[in-house]
K.L.:
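Pasting a structure here, questions to come.
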Protein chains: 2
Amino acid sequence: MIKRRTQDERSTETRRLLQEATVRSLMEVGYANTSTSEIARRAGVSRGAQTHHYPGKMDLIVAATEYMFRNFADQLEALGSDLRAGRLDYDSFFDALWEEMQHGDWFYSSLEIIVAARGDEELRQHLEPLIMVLHARFEATWLRSFEATDPEGLGPRPVMNLVMNVFRGMAVQAVLRPEPRYFEEIMHVLKTMIAAHLRPRTRAATPVPAPPRP
Amino acid sequence: MIKRRTQDERSTETRRLLQEATVRSLMEVGYANTSTSEIARRAGVSRGAQTHHYPGKMDLIVAATEYMFRNFADQLEALGSDLRAGRLDYDSFFDALWEEMQHGDWFYSSLEIIVAARGDEELRQHLEPLIMVLHARFEATWLRSFEATDPEGLGPRPVMNLVMNVFRGMAVQAVLRPEPRYFEEIMHVLKTMIAAHLRPRTRAATPVPAPPRP
DNA sequence: ATCAACAAACGTACAGACCTGCTTTTAACT
DNA sequence: AGTTAAAAGCAGGTCTGTACGTTTGTTGAT
């Protein structure tokens, strides 16, 4: 009745459980209140198993970050693909992206880690390459999905960086401001400004995008 | 040789030392590594004096936050005043604001606190009113300093919120990205986009703002 | 194919460090 | 003198890193 697994399967599973538990813990109680024992408890593995795979707290955090970044880049890629295929229109793309940042796992757990890294040189050095990889994937998706309306004007890449930073800032604000009105206004301003410089590269025969579903 | 001070002066001085030390500690080592003993050591007061004025860690954090927010709002007010008086032009105003966020005490210590508040209901409730007061002051300064180019178009208030969120996002990014090029590009995009909708209310004779330099 | 020997994965327990809040004393001011 | 501010020390709790024992899977010689 006992399922037999190879060593590799056991390791992979345990690592995955720990990575997911770490992300969940960062999301729910933040970096400061995330302890290694708490993570082991959440993951349902013993503290010994944990230290076997990840000797120190930092190893755990870095592994979890890598896992989480990969997931988010995949999701963004999916959104971009929906936009290009005409399954999402311009407006809905931004709404979906903002929704994902606000309520998905990604933003707040990465925020916790980034803030923690500010005071921890070693952690920062481990994280820097991960962030760069993530942003390279963002950029690739974005450039596939948007083009400049005016070749002489602002290009898609700097505009993307602006957009991502607006969302980052908004998500930070959202911690202490519950008013949806505030964010709707900003979204409106952002969409208006962007629309003057970029348009989506849809593959659809008709360049008219489908209307957003309510 | 011992200077005689009233009780009130002694209290005020000790409180100020503790508030400043708290902000410095948040800046340098982050919320997670900020301990009450460390703060007392930095402030040069005993732990007893500390607990006398601020019984718990939260009281200390809240007081320091209030102190710091007040300072930042004052600085922003000064920048706005410089802009209106023509001592700063459009471009330099944004550059100065970004410089202040990046290298001043304000942003990163508030970031630490906001992030900590995400996982701490009580702290969040103490902070929310402080943030609202701060933003009301931002808004007042901003509305005194900018007006819409087109009365039918985007108003100064929503645009300000966009700008502040861009800066917030950029400052978070700056933790892990040292490249000034990245930020210069975004600043350029931001200035270009804003210039289409707002102009400074200078008291100077010529109301024409300088165009952003590439 | 079997079984012993080895290695990897996992479980339990503990020691040292640190941090917070509280209590008791001493000093300063009114 | 009496009250408030400041200093010093202690108690309880938590967290991290580590040591050591146990189980599970792998290997290879017979």
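Since the model is a prediction, treat every value here as computed from it, not as a measurement. By convention in this document, chain letters (A, B, ...) are assigned in the order of the sequence lines, proteins followed by strands, and residues within each chain are numbered from 1.
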K.L.:
Ser37(A) near the nucleic acid: base, sugar-phosphate alone, or nothing, with a heavy-atom cut-off under 4.0 Å?
P.N.:
base
K.L.:
For residues Arg47(B) and Ser37(B), is any side-chain donor paired with an opposing acceptor at under 3.5 Å?
P.N.:
no
K.L.:
If you only use heavy atoms from C-beta on, which nucleotide in dA6(D), dA5(D), dC10(C) is closest to the side chain of His52(B)?
P.N.:
dA5(D)
K.L.:
Counting side-chain heavy atoms from C-beta on, which of dG17(D), dC10(C), dT20(C) comes nearest to Lys57(A)?
P.N.:
dG17(D)
K.L.:
For the ring-ring contact (aromatic ring centres under 6.0 Å, His included) test, which of Phe107(B), Phe167(B), Phe93(B) pairs with Trp98(B)?
P.N.:
Phe167(B)
K.L.:
When you get a sec, tell me which of dC22(C), dG17(D), dA6(D) is the closest nucleotide to the side chain of Arg47(B)?
P.N.:
dC22(C)
K.L.:
Hey, does Thr12(A) reach any base, or is it just sugar-phosphate, or nothing, if we go heavy atoms under 4.0 Å?
P.N.:
nothing
K.L.:
Let's see if you can work this out: which of dA7(D), dT16(D), dC19(C) has an atom nearest to the side-chain heavy atoms of Thr36(A)?
P.N.:
dT16(D)
K.L.:
With respect to the side chain of Ser46(A), which nucleotide from dG11(C), dT20(C), dG17(D) is positioned closest?
P.N.:
dG11(C)
K.L.:
Can you list every side chain to side chain donor-acceptor pair (under 3.5 Å) pair that touches residues 19-31 of chain A, not counting sequence neighbours?
P.N.:
Arg16(A)-Glu20(A), Gln19(A)-Tyr54(A), Glu20(A)-Tyr67(A), Ser25(A)-Thr34(A), Glu28(A)-Arg42(A)
K.L.:
What's the verdict on side chain to side chain donor-acceptor pair (under 3.5 Å) for Asn165(A) and Tyr182(B), showing C-alpha distance, side-chain angles and the deciding distance?
P.N.:
CA-CA 11 Å; Asn165(A) 281 306; Tyr182(B) 172 84; 3.3 Å; yes
K.L.:
Give the nucleotide from the list dC19(C), dA6(D), dC22(C) with an atom nearest to the side chain of Thr51(B).
P.N.:
dC22(C)
K.L.:
Out of dA9(C), dA7(D), dC19(C), which nucleotide sits closest to the side chain of Ser11(A)?
P.N.:
dA9(C)
K.L.:
Take the protein atom CG of Leu18(A) and the nucleotide atom C1' of dC10(C), then report the distance between them rounded to whole Å.
P.N.:
12 Å
